[in-house]
There are 2 protein chains.
Amino acid sequence: MAQAQKLNLVFHALGDPTRRAIVERISRGPVSVSQLAAPLSITLAAVVQHVQVLEESGLVRTEKAGRVRTCRMEPAGLSLAEQWIAGRRNEWERRLDRLGELLAED
Amino acid sequence: MAQAQKLNLVFHALGDPTRRAIVERISRGPVSVSQLAAPLSITLAAVVQHVQVLEESGLVRTEKAGRVRTCRMEPAGLSLAEQWIAGRRNEWERRLDRLGELLAED
DNA sequence: TCAATAGTTAAGCGAACACTTAAGTATTAG
DNA sequence: CTAATACTTAAGTGTTCGCTTAACTATTGA
């Protein structure tokens, strides 16, 4: 998949507060879907849909054993977003440097 | 504004590829709205709407001089997103450390 | 075996989204 | 003064989103 499309999915996934709460929980250790649903005031079906979005975005990996689906972190997903942001900061800082050099010329 | 609400706006803003392209351009230096629109195959009106979303998210600052609106980077916006991501990675790594210590016990 | 548990899937609904067209305002160059 | 430029704003349109209810499947503990 193209990088841009992956970034669409990752940033879109993180744009929802319920999904960020789910990621926060999963980043502390593996959890089942029911455990994810417990503190949330939405139906299990809605939680399943959020988990699907997170899995398709590459932020979360999922595995079913018996009737329980366990969700784990997939750190590469977050990494992609982090690197895009770092790239922007980098360009911005390099520009400030060039500007500083220009102003330092006498 | 609450941190969570800001994160909603920032991640949602970055979830759209056109808006990311706009941020990439702005991170290389200040630009007018027309300059932003030039390489994009959407109407000026649509670009204005994207810029509004970016401004409300805190990623971009904007200033009008005469009839030209100039857009600049607001690095604090990206920073907020970066810190949230770093926080998740941190929790995930700390958990791996604890796990490693457990396994190292004999 | 059979009832509770854990998740799945589909259909539907109202709100938000990205975009367009169209009609406007304000600024500036000639 | 006038025409072109650079937006701005409003209304409308099709699509996607987050969520619900409801009906279903698969697993497991008593």
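Within every chain, numbering begins at 1; the chains are lettered A, B, ... in the order of the sequence lines, protein sequences first and strands thereafter.
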Apply side chain to side chain contact (heavy atoms under 4.5 Å, CB included) to the pair A/Asn8 and B/Arg20, showing each step before the final yes or no. CA-CA 9 Å; A/Asn8 289 352; B/Arg20 279 202 312 281; 2.8 Å; yes

Can we say B/Arg94 and B/Glu91 salt-bridge, meaning some charged N sits less than 4.0 Å from an Asp/Glu carboxylate O? no

Return the CG to CG distance between A/Leu7 and B/Asp16, rounded to the nearest 0.5 Å. 12.0 Å

State, without any angle test, whether B/Trp84 and A/Glu82 hold a side-chain donor-acceptor pair at a distance under 3.5 Å. no

Using chain A heavy atoms and a threshold of under 4.0 Å, write down where along DNA chain D the contacts begin and end, 5' to 3'. D/dC17 to D/dT28

Would B/Glu63 and B/Thr70 count as having a side-chain donor-acceptor pair, cut-off 3.5 Å? no

DNA chain C contacts among residues 44-63 of chain B, heavy-atom distance under 4.0 Å: B/Ala45, B/Ala46, B/Gln49, B/His50

Please tell me which of A/Gly15 and A/Ala65 maps to the more 5' nucleotide of DNA chain D, matching each residue to the nucleotide holding its nearest heavy atom. A/Gly15

Where do B/Arg19 and B/Leu14 land on the side chain to side chain contact (heavy atoms under 4.5 Å, CB included) test, with the steps shown first? CA-CA 6 Å; B/Arg19 266 178 327 244; B/Leu14 295 178; over 6 Å; no

Atom pair CG (B/Leu54) and CE (B/Met73), whose distance is rounded to the nearest 0.5 Å: 9.0 Å

Quick one: pull up CD in B/Glu74 and CH2 in A/Trp92 and give me the separation to the nearest 0.5 Å. 8.5 Å

Near-strand residues of residues 28-41 of chain B, defined as heavy-atom separation under 4.0 angstrom from DNA chain D: B/Ser32, B/Val33, B/Ser34

Phosphate OP1/OP2 of C/dA4 contacted by A/Arg67 side-chain N/O (<4.0 Å): no

Nearest-angstrom distance from the residue atom NE2 of A/His12 to C1' of C/dA18: 13 Å

Can you tell whether the side chains of A/Arg89 and A/Glu93 come within less than 4.0 Å, N to carboxylate O? yes

Provide, to the nearest angstrom, the distance between the CZ atom belonging to B/Arg69 and the P atom belonging to C/dA26. 14 Å

Quick one: are A/Leu36 and A/Ile26 in side-chain contact, heavy atoms under 4.5 Å? yes

